Amino acid sequence: MTTDSTAQAENTAPAADLTTFDGLLAAITDPNGREILDPATGALVGCTREGSVADIDTAVAAAAAAQPAWASRPVAERNDLLNKAADAIEASAEALAELLSREQGKPLNGPNARFEVGACAAWLRANAAFVLEPEILVDEDGTHAELHYAPVGVVGAVGPWNWPMMISVWQFAPALKMGNTVVLKPSEYTPLSVQALVAVVNQVLPADVLTVVPGDGKVGAALTDHDGVDKIMFTGSTKTGQAIMRSAADSLARLTLELGGNDAGIVLADADPKAIAADLFWGAFINTGQTCAAMKRLYVPESLYDQVCEALVEVAGQMPMGVGLEEENVLGPLQNKQQYDIVAGLVQAAKDGGATILLGGDPQGGQPGYFYPTTIVADIDNDNALVAEEQFGPVLPIVRYTDLNQAIVWANELEVGLGSSVWGSDLEECRKVAARLEAGSTWINKHGAIDPRVPFGGVKKSGYGLEFGLEGLKQVSVPHVISW
C-alpha cells in the first residue's frame with residue numbers, strides 16, 4: 001500500500017514529467033491545499049496538501065511493513081538505487097532548483113538553489129560509495145569478537161526550511177543505505193520542495209521505503225512521539241530538540257539532533273584581511289545567513305580591526321540581493337516574516353547599544369518580499385543581543401579584541417557549540433587556537449565547509465550525534481557484537 005501521493009512503486013511511471021517545473025508542481029500540488037507564497041514576491045508558488053496525525057500512523061505502519069524486505073536486499077542493490085536516485089535528481093535538477101528558489105527564496109546561482117540540488121545528488125552518491133565493514137575487535141587467545149551494524153528500523157526525520165532538500169537527503173540517504181525505511185516531515189514553510197524531491201527519487205525506490213507527510217507542528221510531534229519510530233533525526237531549534245528528547249524517553253527511540261548554533265570566527269593578528277575577506281563573507285552570508293553553521297559573530301584583533309571591516313564591506317557591497325529567479329542575484333530574502341522580525345529586532349538592539357552600522361541596517365519599506373539588506377555591524381559589545389543570540393540572517397557583528405585569550409573565552413561562553421573558525425597565516429598557531437574552541441567542527445581559514453565524508457555534529461545545546469561519513473552510517477544503525 002502506498003501511503004503518500006508522491007510515493008511510486010518500483011518500475012511504475014510517474015504521472016507527470018518530473019523534469020519540468022510544471023510537471024513537478026502538478027505531481028505534488030493539492031488544489032484544495034494550503035497556499036505557499038514566494039518570500040521574494042508574495043506570488044503563489046503552489047498549494048500543499050496538509051497531512052494529519054492519522055497520515056503519520058499510516059505512513060509509519062507502511063514503512064515498518066516495507067523495512068524487512070528493503071533491509072534484506074544486498075547492500076550493493078541499495079547502493080545502486082541510491083545512485084539511480086541521484087540520476088533522477090540530476091534529470092530534474094533545473095525544475096527542482098526553480099521550485100526551491102520560489103518557495104524558499106534563495107537565488108538560483110551562487111551557493112544557493114542549484115548548488116543545493118547538486119548537493120542532494122552528490123550526498124546520495126557519496127553514501128552509496130561508503131563501505132562499512134564489520135570491525136574485528138579481538139582476535140587472539142581463542143577469542144574472536146566482531147562489531148556489526150544492523151538497520152535500526154523506521155527512521156522519522158524532521159527537517160528545517162533553510163536547506164530543505166539538502167538536509168532531507170542528509171537524513172534519508174544514510175538511513176536508506178543501512179536498510180532502514182524513512183518517514184519525512186518537512187517544515188511548514190517549505191513543504192513543496194521536500195515533496196518534490198521525494199517524488200523524484202521515488203521514481204526508482206520501492207513503495208513505502210521513503211514517504212513524506214507534510215503538516216504542522218502537531219504532525220511533526222506525532223512522528224517524533226510515535227512508538228513505531230525507532231530513530232529520530234531532527235534539524236531545527238534547540239527548544240524543539242529538547243521537546244523531542246523528552247518525548248523519546250518513553251519509547252527510547254535513538255536520536256540525532258542538529259540544533260541551533262551561534263558560530264564564532266576568530267581572526268588572528270597575522271591574517272591578511274584582503275585575502276580572507278571573500279571567505280569570511282561567504283562563511284557568514286551563505287544562504288543569506290540562514291544556515292545553522294554560518295559564522296554569526298566575528299572576533300578581530302585591534303591591530304587589524306579597521307582593515308578587516310573595510311575589506312568585508314567592500315566584498316559585501318558587491319553582492320547583489322533580489323528575487324531568486326533573476327540570474328544575477330546571489331542573496332535573497334529571509335524565508336518568512338517571523339525570521340525577518342527577529343533579524344530586524346536584533347539589528348535595532350545593536351543600534352540602541354551604540355554600535356556602528358558599516359553597511360545596511362536600514363530596510364526599505366514598500367516593496368514585496370522579506371528582504372533585509374546585507375548588514376555589517378562594528379563597534380559592538382560582546383554582550384549585545386546581536387552577538388549573544390543567533391540572528392540567522394544577513395547580518396554580521398564584528399567584535400574588537402586586544403587579548404586572544406579573551407576572544408577565546410567569548411567564543412566559548414555561549415550554551416551552543418555547532419561550528420567555529422580560526423583565520424590566520426600561521427597554520428600551527430591556527431591549530432592551537434582551534435583546539436581550544438568548544439564546537440563540533442572548527443575550520444581554519446574557511447567556515448561551514450561541509451563534506452559528505454567528514455562527520456558533522458554539535459556539542460552543548462547544539463545537539464548531539466553525528467551525520468556524514470562512516471560515523472553517520474553508524475548513527476542510523478544498531479551495533480551488534482558477535483563473539484565466538
Side-chain angles (χ1 to χ4, degrees), residues 39-40 100-101 104-116 119 160-163 166 260-267 271 273-300 308-324 326 328-336 339-340 342-344 346-347 350 355 357-363 369-378 380 386-387 389-399 418-421 423 441 443 445-450:
L100 178 61
S101 181
Q104 201 281 337
K106 63 183 65 184
L108 290 171
N109 290 320
N112 292 299
R114 289 179 176 130
F115 169 86
E116 180 169 349
W161 48 259
N162 57 333
W163 296 92
M166 186 172 70
N262 193 349
D263 290 12
I266 298 179
V267 175
K274 288 188 177 294
I276 65 175
D279 288 329
L280 283 172
F281 175 84
W282 284 116
F285 290 92
I286 186 172
N287 198 28
T288 315
Q290 299 166 112
T291 297
C292 292
M295 185 172 62
K296 299 182 176 76
R297 49 196 173 115
L298 181 63
Y299 296 97
V300 178
V308 169
C309 288
E310 290 169 5
L312 266 171
V313 168
E314 182 178 357
V315 171
Q318 299 171 5
M319 300 295 178
M321 175 183 286
V323 176
E326 296 173 359
E328 70 274 14
N329 293 321
V330 294
L331 300 172
L334 291 161
Q335 202 286 322
N336 55 78
Q339 193 58 41
Y340 179 95
I342 290 171
V343 172
L346 289 173
V347 174
I357 306 298
L358 299 178
L359 182 72
D362 185 21
Y370 304 127
F371 288 100
Y372 197 92
T374 306
T375 299
I376 295 177
V377 181
I380 187 168
L386 179 60
V387 181
E389 300 176 22
E390 183 183 27
Q391 69 272 38
F392 216 69
V395 181
L396 179 64
I398 306 177
V399 181
L418 189 56
S420 60
S421 57
W423 305 76
S441 297
W443 296 276
N445 291 323
K446 54 189 175 182
H447 195 109
I450 55 173

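Scope of the values below: all heavy atoms of this structure, side chains included, with no hydrogens, waters or symmetry mates. All values reported here derive from a predicted model rather than from experimental measurement.
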Checklist entry - Quick check: does any side chain N or O of Asn287 sit under 3.5 Å from a backbone N or O of Trp163, one acting as donor and the other as acceptor? => result no
Next on the checklist: I need the Glu310 CD to Ile376 CD1 distance, nearest 0.5 Å.
Outcome noted: 11.5 Å
Checklist outcome for this item: Residue set satisfying side-chain contact (heavy atoms from CB on, under 4.5 Å) with Ala284, at least two apart, ordered chain then number -> Met295, Leu396
Item to check | Glu390: salt bridge (Lys or Arg N to Asp or Glu O under 4.0 Å) partners, not counting sequence neighbours | outcome: Lys296
Checklist outcome for this item: Tightest non-hydrogen contact, residues Trp443 and Ala449, listed as NE1-O, 3.1 Å
Next on the checklist: Using a 3.5 Å distance criterion without hydrogens, assess whether the side chain of Gln339 forms a donor-acceptor pair with backbone atoms of Gln391.
Outcome noted: yes
Item to check | Residues that Ser441 engages under side chain to side chain donor-acceptor pair (under 3.5 Å), provided they are two or more places apart | outcome: none
Item to check | CA sep, side-chain torsions, deciding dist, call: Met321, Thr288, side chain to side chain contact (heavy atoms under 4.5 Å, CB included) | outcome: CA-CA 9 Å; Met321 175 183 286; Thr288 315; 4.2 Å; yes
Next on the checklist: I need the Asn112 CG to Ser101 OG distance, nearest 0.5 Å.
Outcome noted: 8.0 Å
Next on the checklist: I'd like to know if the side chain of Asn329 reaches the main chain of Val323, judged simply by a donor and an acceptor atom lying under 3.5 Å from each other, with no hydrogens or angles considered.
Outcome noted: yes
Item to check | side chain to side chain donor-acceptor pair (under 3.5 Å) partners of Ser421, counting only residues at least two apart | outcome: Trp423, His447
Item to check | Ala264: partners by side-chain contact (heavy atoms from CB on, under 4.5 Å), with sequence neighbours left out | outcome: Arg297, Tyr299, Ala411
Checklist entry - Closest heavy-atom contact between Gly361 and Pro373? => result N-CG, 3.9 Å
Next on the checklist: Which residues pass the ring-ring contact (aromatic ring centres under 6.0 Å, His included) test with Phe115, not counting sequence neighbours?
Outcome noted: none
Item to check | Non-hydrogen side-chain atoms of Leu334 and Pro394 separated by less than 4.5 Å | outcome: yes
Next on the checklist: Please find the pair of heavy atoms, one from Ala277 and one from Leu312, that lie closest to each other, and give the distance.
Outcome noted: O-CD2, 3.7 Å
Next on the checklist: If the condition is ring-ring contact (aromatic ring centres under 6.0 Å, His included), which residues does Phe281 pass it with, not counting sequence neighbours?
Outcome noted: Phe285
Checklist outcome for this item: Ala293 and Leu418 have their tightest heavy-atom pair at N-CD2, 3.8 Å
Checklist entry - How would you list, by chain and number, every residue that makes a side chain to side chain donor-acceptor pair (under 3.5 Å) with Glu116, sequence neighbours excluded? => result Lys106
Checklist entry - Can you check whether Ile276's main-chain N or O pairs, donor with acceptor, with Asp279's side chain at less than 3.5 Å? => result no
Item to check | By ring-ring contact (aromatic ring centres under 6.0 Å, His included) - contacts of Phe392 (at least two apart) | outcome: Trp161
Next on the checklist: Give me each pair satisfying salt bridge (charged side-chain N to carboxylate O under 4.0 Å, His left out) with a member in residues 282-294, each pair once, sequence neighbours excluded.
Outcome noted: none
Next on the checklist: To the closest 0.5 Å, what do you measure between CD1 (Ile398) and SG (Cys309)?
Outcome noted: 4.0 Å
Next on the checklist: Tell me whether Thr375 contacts the main-chain N or O of Gly360 through its side chain, where contact means a donor paired with an acceptor under 3.5 Å.
Outcome noted: no
Checklist entry - Would you say Pro39 and Tyr340 make side-chain contact, with heavy atoms under 4.5 Å? => result no
Checklist outcome for this item: For Glu314, the salt bridge (Lys or Arg N to Asp or Glu O under 4.0 Å) test, sequence neighbours excluded, returns Lys274
Item to check | Minimal non-hydrogen separation, Val347 against Ile357, with atom names | outcome: CG1-CD1, 4.4 Å
Next on the checklist: Would you say that Glu389 contacts Ile342 through its side chain, given a criterion of any heavy-atom pair below 4.5 Å between the two side chains?
Outcome noted: no
Item to check | Non-hydrogen atoms of Ala316 and Thr374 that approach each other most closely | outcome: CB-CG2, 4.0 Å
Item to check | Spacing of Ile380 atom CD1 and Leu386 atom CG [to the nearest 0.5 Å] | outcome: 4.5 Å
Next on the checklist: Assess the residue pair Trp282 and Val315 against the criterion (side chain to side chain contact (heavy atoms under 4.5 Å, CB included)); give the C-alpha distance rounded to whole Å, side-chain angles, the decisive distance to 0.1 Å, and a yes or no.
Outcome noted: CA-CA 10 Å; Trp282 284 116; Val315 171; 5.9 Å; no
Item to check | Of all pairs that satisfy salt bridge (charged side-chain N to carboxylate O under 4.0 Å, His left out), the ones with a partner from residues 280-291, not counting sequence neighbours | outcome: none
